[in-house]
Colleague: 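First the structure, which I've put down as C-alpha cells, then a few questions once you've had a look.
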Number of protein chains: 2
Amino acid sequence: MMSGNSPDFTERLRAAGLRPTRQRVALARVLFEGGHRHVTAESLHAEVKATRMPVSLATVYNALNQFRDAGLLREVVVAPGRSYFDTNTGHHHHFYVEPDGELHDFPSDKVTIAGLPSPPKGTRLSRVDVIVRVHR
Amino acid sequence: MMSGNSPDFTERLRAAGLRPTRQRVALARVLFEGGHRHVTAESLHAEVKATRMPVSLATVYNALNQFRDAGLLREVVVAPGRSYFDTNTGHHHHFYVEPDGELHDFPSDKVTIAGLPSPPKGTRLSRVDVIVRVHR
DNA sequence: GCATCTTTTAGAATAGTTCTAATCTGCTTG
DNA sequence: CAAGCAGATTAGAACTATTCTAAAAGATGC
C-alpha cells in the first residue's frame, strides 16, 4: 500500500523505466513539483538534503544522468566544467548570463532559424541549440 | 636582430599585447599557420611537443586563455568537461558530432535567426551561439 | 650587461564527475 | 509475509580537466 504522499512521482518514474526509490522520488519531487528549473548536481544535492532526506552526491549524479537518458531532463552545456540540467524538455533555447552562470529559458515558438546547412555526410540531425550569451 | 623565421607571429602577439616568448610563438605557429583549427589544451600540447619545442601543459592552458582574452581564439563549449578553442574568430556556428566530439564550423552568412527575444533587463547581448548536434 | 618585471615550469591543488565494492532496499515469488 | 535477488545507494577512492604556487628562466629597457 502506498502513502498517497506523491503517487505522481512514483508513477512518473515507473513510466520512465526507473524504480521509484526513496531517493529518486525525493529528487523528482524537488525537480518537478514546481515550475521549470535549472539545476546542477551540487545545487540539487543541497536542495534535497534540506528536505531531510539523506541522498549522497553520487546518487544525485546517477539520478540526473538516468533522468536525462529517460527524457525527463535535458542537459544544457553552456560553460566549461559545469553541467546544467533543465526540467523543461520541450523545444526552447537559452539565455546565459555571464559571468554569473545564470540560465533562462525562452520559447522557440517565435524563433525561426533559416539557412542551416545540411548535416555532414553520414550523420543525422539530433538537436539545434541556440545559446544567447549576454553580460551585464 | 631577428631570425626571420616567423616575424608574423611575433608581431601578431605583440599587437595583441602579449610578449612573443618562444613558447607563445611556437603555439601561435601551430595554431595559426594553416587553415582554421579546433584544438583542446591536450591536443595542442601534443602537437607543439612534436615540434620539439618544450612547452608545459600549464603554459598551453595559460596561452589558450590569454589568446582567447586577446581575441585571437574563440572558446566553444559543446560538451561538459572539455573546452575547445577555435582559431576562427569570425561569425560562424558549429556542427557537433556526438559522441565522437568532432567539431565543424559552418559560416553564418546564410543563416538567419529571427524572433529572438530581447536580453533580460540589465544585460547586453554578447554573442549568439548555434550548435547543431548530429549523430551517426 | 644588469635590473626588473614577466613568463614558464613541475608539481601540488582544486573542481566536477565517475567508479568501486560493500551494504541496503524494492519488488517478486512461494 | 519471509526469503531471495536484482538493482540502487553509499562513502570514499579515483579520475579528468584545469588552475595555482613558488622557484627558476627569460624578455625588455637602460
Side-chain angles (χ1 to χ4, degrees), chain A residues 1-3 5-7 9-28 38-46 48-49 51-70 73 75-85 99 101, chain B residues 1-3 6-7 9-11 13-28 38-46 48-49 51-70 73 75-85 99 101:
Chain A
M1 188 229 202
M2 73 175 38
S3 74
N5 199 8
S6 52
F9 298 117
T10 299
E11 264 325 294
R12 195 151 163 194
L13 288 170
R14 235 190 278 274
L18 297 166
R19 264 208 230 175
T21 63
R22 298 136 173 252
Q23 299 57 345
R24 294 209 272 231
V25 172
L27 290 166
H38 297 115
V39 300
T40 62
E42 286 289 353
S43 76
L44 180 58
H45 187 224
V48 78
K49 275 204 306 191
T51 70
R52 307 199 120 291
M53 159 60 94
V55 181
S56 75
L57 186 55
T59 295
V60 174
Y61 274 103
N62 288 160
L64 284 172
N65 290 332
Q66 293 152 350
F67 288 10
R68 176 204 54 214
D69 293 347
L73 289 177
E75 190 168 8
V76 185
V77 183
V78 278
R82 178 170 246 89
S83 268
Y84 290 79
F85 289 86
Chain B
M1 188 240 210
M2 75 174 38
S3 72
S6 52
F9 299 118
T10 298
E11 263 326 294
L13 287 170
R14 236 190 278 276
L18 296 167
R19 269 206 222 175
T21 63
R22 298 136 173 252
Q23 292 71 341
R24 293 209 272 231
V25 172
L27 290 167
H38 296 116
V39 301
T40 61
E42 286 288 353
S43 76
L44 180 58
H45 187 225
V48 79
K49 274 203 308 191
T51 70
R52 308 200 122 293
M53 160 58 95
V55 181
S56 75
L57 185 56
T59 295
V60 173
Y61 274 104
N62 288 160
L64 284 172
N65 289 332
Q66 293 153 350
F67 288 10
R68 176 204 53 215
D69 292 348
L73 289 177
E75 189 168 7
V76 185
V77 183
V78 279
R82 178 169 245 90
S83 267
Y84 290 78
F85 289 86

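To find a chain, count down the sequence lines: A is the first, B the second, and so on, and within it residues start at 1.
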Colleague: Nearest 0.5 Å please: distance from the CG atom of L13(B) over to the OG1 atom of T21(B).
Modeller: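 Going from the CG atom of L13(B) to the OG1 atom of T21(B) covers 7.5 Å.
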Colleague: Of all the nucleotides listed (dT9(C), dT28(D), dT18(D)), which has the minimum atom distance to the side chain of N62(B)?
Modeller: dT9(C)
Colleague: Quickly work out the M53(A) CE to dT25(C) P distance and round it to whole Å.
Modeller: 11 Å
Colleague: For L57(B) and E42(B): C-alpha separation, side-chain torsions, deciding distance, then whether side chain to side chain contact (heavy atoms under 4.5 Å, CB included) applies.
Modeller: CA-CA 7 Å; L57(B) 185 56; E42(B) 286 288 353; 3.8 Å; yes
Colleague: Give one of base, sugar-phosphate or nothing for P80(B), where a contact means two heavy atoms less than 4.0 Å apart.
Modeller: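 No contact at all - P80(B) keeps every heavy atom at 4.0 Å or more from the nucleic acid.
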Colleague: Any side-chain N or O of Q23(B) under 4.0 Å from OP1/OP2 of dT9(C)?
Modeller: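 Q23(B) to dT9(C) OP1/OP2: side-chain N or O found under 4.0 Å.
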Colleague: Are any of R14(B)'s side-chain N or O atoms less than 4.0 Å away from OP1 or OP2 of dT28(D)?
Modeller: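 Looking at the OP1 and OP2 atoms of dT28(D), one of them is under 4.0 Å from a side-chain N or O of R14(B).
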Colleague: When the nearest nucleotide of DNA chain D is assigned to G81(B) and to P54(A) on a heavy-atom basis, which residue is associated with the more 5' position?
Modeller: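 The answer here is P54(A).
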Colleague: Step by step, work out the side chain to side chain contact (heavy atoms under 4.5 Å, CB included) result for V25(B) and T10(B).
Modeller: CA-CA 6 Å; V25(B) 172; T10(B) 298; 4.2 Å; yes
Colleague: Could you state the atom-to-atom distance from CG of N65(B) to C1' of dT8(C) in whole Å?
Modeller: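 Going from N65(B) (CG) to dT8(C) (C1'), I get 15 Å.
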Colleague: Walk me through whether F85(A) and N65(A) qualify under side chain to side chain contact (heavy atoms under 4.5 Å, CB included).
Modeller: CA-CA 9 Å; F85(A) 289 86; N65(A) 290 332; 4.1 Å; yes
Colleague: Does Y61(A) make a side-chain N or O approach to OP1 or OP2 of dT17(C) shorter than 4.0 Å?
Modeller: yes
Colleague: Could you measure the distance from the NE2 atom of H38(B) to the OG atom of S43(B)? Nearest 0.5 Å is fine.
Modeller: 11.0 Å
Colleague: Round to a whole Å and report the spacing from NZ of K49(A) to P of dA11(D).
Modeller: 9 Å
Colleague: Looking only at side-chain N and O atoms, does R22(B) come under 4.0 Å of OP1 or OP2 in dA25(D)?
Modeller: no
Colleague: Nearest whole angstrom, please: distance from the P of dA17(D) to the CZ of F85(B).
Modeller: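 Between P of dA17(D) and CZ of F85(B): 14 Å.
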Colleague: Return the value, rounded to whole Å, for the distance between atom CZ of R82(B) and atom C1' of dT18(D).
Modeller: 12 Å
Colleague: dG16(C), OP1 or OP2 - any side-chain N/O from S83(A) closer than 4.0 Å?
Modeller: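 It does not, given that no N or O in the side chain of S83(A) lies less than 4.0 Å from OP1 or OP2 of dG16(C).
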Colleague: Give a yes/no on whether any side-chain N or O of T59(A) is located under 4.0 angstrom from OP1 or OP2 of dT10(D).
Modeller: yes
Colleague: Take Y61(A) and H45(A) through the side chain to side chain contact (heavy atoms under 4.5 Å, CB included) test and state the conclusion after the steps.
Modeller: CA-CA 9 Å; Y61(A) 274 103; H45(A) 187 224; over 6 Å; no
Colleague: Need to verify one output field. Residue with the more 5' nearest nucleotide on DNA chain C, Y84(A) or A63(B)?
Modeller: A63(B)
Colleague: Can you see if the side chain of R24(B) gets near the phosphate of dT7(C) - specifically, an N or O under 4.0 Å from OP1 or OP2?
Modeller: yes
Colleague: Can you tell me which nucleotide in dG12(D), dA27(D), dT19(D) comes closest to the side chain of A58(A)?
Modeller: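 It is dG12(D).
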Colleague: Roughly, in whole Å, what's the span from CZ in R68(B) to C1' in dT19(D)?
Modeller: 12 Å
Colleague: Among dT18(D), dA8(D), dA10(C), find the nucleotide with the atom closest to the side chain of S56(B).
Modeller: dA10(C)
Colleague: Roughly, in whole Å, what's the span from CG in L57(A) to P in dG12(D)?
Modeller: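 From L57(A) CG to dG12(D) P: 13 Å.
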Colleague: To the nearest Å, give me how far apart CZ (R19(A)) and P (dC5(D)) are.
Modeller: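 In whole Å, dC5(D) P and R19(A) CZ are 14 Å from each other.
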